[in-house]
Amino acid sequence: MIESVLPVAAPTMTWGWPTAICGFVMLELLGHFALYLVLYNRINATGLPRSVIKVFKFLFLGACLLLPVLVFAAMSPHLASLWNGQLGFDEVPMWIRLYSILPLLTIILFGPNWLISRPSLHSEAMTVPVVAKRVNVQQATGESLARTRKCRVHARLPFNQLFELQIEQKEISVEGLPLAMDGFKIAHLSDIHLTGHVSPRFYQYAIEQANEWAPDVVAMTGDIVDKQVCIPWLDECFAKAIARHGCYFVLGNHDLRVKQPQQIRDRLSNLGWIDLGGRVQPLPSVHPQLEMIGNESPWFDKPSLDPPTSDAPKTRILLSHSPDQIQWARRHNIMFMMAGHTHGGQGRLPWIGPVLSPSYYGSRYASGTFYLHPTTMHVTRGLSGVHLMRIACPPELALITLRCI
């Protein structure tokens, strides 16, 4: 007798449900980390005391790291039935069901705005002519710029651009700029962050480069001193700054870390710098209607401005520590605004650009030149930072030439 052996079909696996589960989990994780990135960026944009912000940051970080672990632990007894599509929605713990809404809302509410503010899609970003020169200041000066062991270790890490100063000459067209001011030159520096880690020689070099360019004005937009012991360094760093129509400064949130921020103001004023914090300084030697203005909000007071009139329009240049004051600038007909604070994100990813940025707008105005009628805004990456890592985001000295449109 001959037995016939029929082929037995191999068991097949339906990938639809597991694929959907994996996709949902990935979306939830993306939204989860995006939520804490949104919170981190916004809490650092507030004028809350540093101690309060540190508590919030600690809580945010703890929740960001622990919640995925807790969700996995709570769901681990149900993983097999979940994978097989046998888990009912009512079997998922209530707190997981409720929390899962937040990451999805974060993606829906913040995702589109984040996407259209990427460097390659940013509708408000201006393309300006730039001539850039990258200088390894440590090699150029022949001096060791790291003053602490921590700084020396960080400076040796791969891809760290801590001492690679990028000197960028930019021609920025400004709406409403008087013809008499075409070619007006501003050296813009920010976020010095004197912490004791980086030698004053680094900042001296930046000032030397600015002086060689012979600016009409030098503008320093805050976060100058982080530690009390570094206030005397201001003489060494900035005493030799020269500009045809003056050197101006405002303070930032990190300047509140010293006991009396007024000491920073007094020291720089004694060096010949002009304190614009909450003030308006007419500059008739340049143009009869030109005003230099300083806005240090939300950490210090805003200036009180008279509204411009049609028969006497003001030509206003604003120094602001944070780009978050852009709407205030627009309401007050600021022609040209300069800001820092964001450090360009401290690190940038290919195409994606910056992610971290202490701003109500997230990384939308992390660095670059932007136009929001009637204000043109330049945001610099700054010279330094408390964090001694810069990835694809070198420190910047901006040498700006204003042009009429």
Is a donor on one side and an acceptor on the other found under 3.5 Å between the side chain of [X] and the backbone of [Y]?
X	Y	result
Glu171	Leu402	no
Arg201	Ser144	no
Ser190	Thr221	yes
Arg390	Cys393	yes
Asp255	Leu251	no
Thr375	Ile334	yes
Thr148	Cys151	yes
Asn211	Ile242	yes
His287	Gln289	yes
Asp182	Arg403	no

When rounded to the nearest 0.5 angstrom, what distance separates [atom1] in [X] from [atom2] in [Y]?
X	Y	atom1	atom2	result
His373	Glu175	NE2	CD	5.5 Å
Trp233	Lys227	CH2	NZ	9.5 Å
Ile391	Leu157	CD1	CG	8.0 Å
Lys54	Ile43	NZ	CD1	14.0 Å
Asn41	Ser359	CG	OG	7.5 Å
Leu145	Leu162	CG	CG	8.5 Å

Quick check: closest heavy atoms across [X] and [Y], and the distance to 0.1 Å?
X	Y	value
Val198	Ser384	CG2-OG, 4.3 Å
Ala140	Val135	CB-CG1, 3.7 Å
Gly382	Asp191	CA-CB, 4.2 Å
Val280	Pro282	O-CD, 3.7 Å
Leu271	Ala239	CD2-CB, 3.9 Å
Cys237	Pro200	SG-CB, 3.6 Å

For this session: Quick one: do Tyr203 and Glu236 satisfy side-chain hydrogen bond (donor to acceptor under 3.5 Å, both in side chains)? Show the steps, please.
Result: CA-CA 9 Å; Tyr203 311 105; Glu236 193 174 354; over 6 Å; no
Exercise. Who are the side-chain contact (heavy atoms from CB on, under 4.5 Å) partners of Val355, not counting sequence neighbours?
Worked result: Leu37, Leu349, Ile352
Seminar exercise, completed: Taken in chain and number order and not counting sequence neighbours, the residues that satisfy side-chain contact (heavy atoms from CB on, under 4.5 Å) with Gln169 are Val131, Trp213, Leu399
Would you mind reporting whether [Y] and [X] have side-chain heavy atoms less than 4.5 Å apart?
X	Y	answer
Met220	Phe238	yes
Ile326	Met337	yes
Leu383	Leu165	yes
Gln228	Gln263	yes
Lys302	Trp328	yes
Ser199	Gln204	no
Val217	Phe184	yes
Thr315	Glu291	no

Exercise. Pick from Phe163, Phe202, Tyr205: which one makes a side chain to side chain contact (heavy atoms under 4.5 Å, CB included) with Thr141?
Worked result: Tyr205
Problem set entry | Summary of side chain to side chain donor-acceptor pair (under 3.5 Å) pairs that have at least one residue in residues 268-284, sequence neighbours excluded | Arg265-Asp275, Arg279-Gln281
Exercise. Applying side chain to side chain donor-acceptor pair (under 3.5 Å), which residue pairs with at least one partner in residues 153-168 are found, sequence neighbours left out?
Worked result: Arg134-Glu164, Arg134-Gln166, Gln166-Glu168, Glu168-Lys170, Glu168-Arg381
Partner set under side chain to side chain donor-acceptor pair (under 3.5 Å) for [X], not counting sequence neighbours:
X	answer
His32	Tyr99
Arg244	Asp216
Ser357	none
Thr342	none

For this session: Could you pull out all residues at least two apart from Arg147 that satisfy salt bridge (charged side-chain N to carboxylate O under 4.0 Å, His left out)?
Result: none
Taking ring-ring contact (aromatic ring centres under 6.0 Å, His included) as the test, write out the residues that go with [X], two or more places apart.
X	answer
His193	His254, His343
Trp299	His321, His341
Phe370	His122, Tyr365

Problem set entry | Phe56, CZ atom: more than 12 neighbouring heavy atoms under 6.0 Å | no
Problem set entry | Chi angles and distances behind the side-chain contact (heavy atoms from CB on, under 4.5 Å) call for Tyr36, Leu39 | CA-CA 5 Å; Tyr36 290 97; Leu39 293 173; 4.1 Å; yes
Exercise. Under the 6.0 Å and 45° cation-pi test, does Arg118 pair with Trp114?
Worked result: yes
